[in-house]
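Residue numbers begin at 1 in each chain, while the letters A, B, ... track the order of the sequences.
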Protein chains: 2
Amino acid sequence: MNPLLRSWKTVRRLRRSEQLGADRTPPVTLRMLADRLGLHVSTVSRVLHAKPDESHRAASSATVERIRRLADELGYRPNPHATSLRTRRSNLVGVLVPRLSDIVLATIYEGIEESAGEHGLSTFVTNTRDVPGIQRARTEMVLARRVDGMIFGDAYVDAEFLGEVAARGVPFVLVSRRAGDYPSVTCDDYLGGRMLGEHLLGLGHRDVAVVAGEPYASTGIDRTGGFVDAYADAGVEIPRHRIVHSRFDARGGHEATEALLAGGERPSAIFAVNDFAAIGAFGAVRDQGLRVGADIAVAGFNDTPLAAELPVPLTTVRSPMHEMGRRGIDLLARLLQGEHVESERLRPELMIRASTHPTAS
Amino acid sequence: MNPLLRSWKTVRRLRRSEQLGADRTPPVTLRMLADRLGLHVSTVSRVLHAKPDESHRAASSATVERIRRLADELGYRPNPHATSLRTRRSNLVGVLVPRLSDIVLATIYEGIEESAGEHGLSTFVTNTRDVPGIQRARTEMVLARRVDGMIFGDAYVDAEFLGEVAARGVPFVLVSRRAGDYPSVTCDDYLGGRMLGEHLLGLGHRDVAVVAGEPYASTGIDRTGGFVDAYADAGVEIPRHRIVHSRFDARGGHEATEALLAGGERPSAIFAVNDFAAIGAFGAVRDQGLRVGADIAVAGFNDTPLAAELPVPLTTVRSPMHEMGRRGIDLLARLLQGEHVESERLRPELMIRASTHPTAS
DNA sequence: GCAAATTGCCCAAACGTTTGGGCCAAACGT
DNA sequence: ACGTTTGGCCCAAACGTTTGGGCAATTTGC
């Protein structure tokens, strides 16, 4: 570039930044580095960008050194908007969850964020409250932000909406819930349900009920399925009216349990497909004047940190929530590299406590 | 522009997008619209951008109509990276919280996200686990993403780090916790503590203890302060050893309560500065073979959804978490407009339940 | 009927990167 | 001594917007 022109441009830029007001330090750009070093901006870019194969071809090692030193002396941070604009890659991923105030999803998100950081990705996370209209709207919103890919923690098992997203060529993975044949990272919910079923069978419970969660979520479906199958294998058929759907929160578990306890003869054990619903079940049991553990067994799923602290500690199935989040990003990262990925199903662990087993811890 | 040149460019662009692979539909740009309509890109930009004052000067109403129609027929979405690059405004805000798996912060974040959407802002949220080093690192990270402003939900009361951030000219507001004179949206924690103190005094409790939370968080400090002052006003001095710091989770509340119960004569009531710590206190009380409510009163703070569902419903102070998040963004938005803003202190509400008052619901 | 104002649009530069392709000089091969 | 490689750097276009200025044609004012 014509050196005269260059210095004129520099003058203009300085004047401009003065007008902006004093306190907000203007971010340092490649051009500033290049100007101060008497180099071309492309040289600086190459040196600061590609480590092994490019940088030594781009400049002499002395120059490389000069550039590096100035860059971190001035605290150079590439402008991600410029980079994204140029490369058509934003290193952003959108994450949809039903609600972050559900500790399960929040913990999964912690795993997502942790792993995303390691992959150089940033995440937009938003709540959809499991409402399809909101899922659509929020998906549009994050796609408008030009994310590279998405993670859905709120998949409907019918996968209708996901089909549309896939048709648009957006890379995504599912966490927590599975749907269709899309790549997902889930807990082995079916196995977890089975384990709990076998546990209750072993304790002699024959008349049991299930607070089954929302009918559109694979988590509730699979946990219930495993539980029911465990009983079927033992020759016990759980009647239809012993299985009631519910919201996934405490209130929902409370209501569902109320319904279950309303009938004439009550079950001797209740399996709620997540811990919050189980806590709601505690409330309903209490309202009936019954005692959890002594009069009726209650079990949950997920082993959230509260489970062990409850006045009657809760028997539950530990699901690797944090790990699910981490693997979710790992899968997505590989997807973004163009690799083909397989779904993963993580192993649950049965935690036996006093809510089903009076002599347990 | 020379029409010949323009069409040649179009050809190049088409060829290029073919190479990308079939499925990923190339996003529609201003130029595509302009080319198809035989207009200049700047005209299209103006029409699609400024509503009342500009658009009618920018084009005839017929043209405006044509542009609008094609834009949403093709589903035009402005590329935010290009826009941010040009305008130096990203409409992004960074949110730091200790941990989203804490339902209090998660709920605050729901408010933040909701209100952010209404303001046309998007949020990056990240967990810092209250570790200063991580706070710094994550702050750098979101600033590198060129956010317009920040919301801290993890402020240390000493405000040292916040001072550095402020010195760099970054606009921010605090939620949940206050610090220094920086604009914040908090619950009136002091008042909440007072209300609880007066409640327990009214029930005749003279020998009380406090599970006070982390010493660096204004929430715990102010709640404890209000509580202690209520007792002081009644002529009761709470001895130093009755006040123990703790983590904010169930485990932390458990450990702190164990310590409190270890001594010779035990208090007749325990105030834990948040619900999770209170649940942990439940666990510790249970481990001592005591019954919450009957043998010892326990109160919490925040009124999380579980409080009412516990086997012994928890007396607590309702704090407007969702609203705090909303107001936080509102404040930040005004700050970004250059307005001057004042901190807000939201009103708490006492929820009396059986954990302190055996005959309550 | 002429100057002035308005309407309706176009031009071009800029935001900060990345990247394919140059170009000049020095080192190398024979 | 003379072509060829390589080292070290620069050039310029492009990504998709926004925005201060134009400029021609039409309308308005008098």
Let's see if you can work this out: which of [options] has an atom nearest to the side-chain heavy atoms of [X]?
X	options	value
A:His49	D:dC15, C:dT19, C:dC10	C:dT19
B:Ser42	D:dC11, C:dC11, D:dC15	C:dC11
A:Leu30	C:dT17, C:dA12, D:dG16	C:dT17

(message) Check the orientation of A:Tyr182 and A:Phe172. Use parallel for under 30°, tilted for 30 to 60°, and perpendicular for over 60°.
(response) tilted

All N/O donor-acceptor pairs, side-chain side in residues 72-79 of chain A, below 3.5 Å, sequence neighbours left out:
unit_1  : atom_1 : unit_2  : atom_2 : d
A:Asn79 : OD1    : A:His81 : N      : 2.7
A:Asn79 : OD1    : A:Ala82 : N      : 3.2

(request) Identify all stems in which DNA chain C takes part, counting only runs of at least 3 consecutive pairs (Watson-Crick or G-U wobble, each distance under 3.5 Å), and give each as one range with another, ordered by first number. (result) C:1-30 with D:1-30

Please report the distance, rounded to the nearest Å, between [atom1] in [X] and [atom2] in [N].
X	N	atom1	atom2	value
A:Asn91	C:dT17	CG	P	15 Å
B:Met32	D:dG16	CE	P	7 Å
B:Arg31	C:dC10	CZ	P	13 Å
B:Arg146	C:dG16	CZ	P	9 Å
A:Leu39	D:dG7	CG	P	19 Å

(request) Using a heavy-atom cut-off of under 4.0 Å over every strand shown, decide if B:Thr87 touches base, sugar-phosphate, or nothing. (result) sugar-phosphate

(message) I'd like to know if B:Asp148 and B:Arg88 make a salt bridge, using a cut-off of under 4.0 Å between side-chain N and carboxylate O.
(response) no

Go through the structure and list residues passing salt bridge (Lys or Arg N to Asp or Glu O under 4.0 Å) with [X], not counting sequence neighbours.
X	result
A:Glu160	none
B:Arg69	B:Glu65
A:Arg334	A:Glu339

Apply side chain to side chain donor-acceptor pair (under 3.5 Å) to [X] and list each qualifying residue two or more places apart in sequence or on a separate chain.
X	value
A:Thr63	A:Ser60
B:Ser45	none
A:Arg327	A:Glu323, A:Glu344
A:Arg138	A:Thr126, B:Glu113

Looking at [X], I'd like to know whether one of its side-chain N or O atoms comes within less than 4.0 Å of OP1 or OP2 on [N].
X	N	result
B:Ser45	D:dT19	no
B:Ser60	C:dC9	yes
B:Arg89	C:dC15	no

(request) Sequence neighbours left out, what passes side chain to side chain contact (heavy atoms under 4.5 Å, CB included) with B:Glu118? Give chain and number order. (result) B:Glu114, B:Arg326

(message) Ignoring hydrogens and geometry beyond distance, is a side-chain donor-acceptor pair present between A:Ser84 and A:Arg89 at under 3.5 Å?
(response) no

(request) Report yes or no: is there a donor-acceptor pair, N or O only, under 3.5 Å between the side chain of A:Thr43 and the base of D:dC10? (result) no

(request) Strictly below 4.0 Å, heavy-atom distances to any atom of DNA chain D: list the hits from residues 75-85 of chain B, or just say none. (result) B:Tyr76, B:Arg77, B:Pro78, B:Asn79, B:Ala82, B:Thr83

Identify the pairs formed between an N or O of the protein and an N or O of nucleotides 21-25 of chain C at a distance under 3.5 Å, and give each distance.
unit_1 : atom_1 : unit_2  : atom_2 : d
C:dG21 : O6     : A:Arg46 : NH2    : 3.3

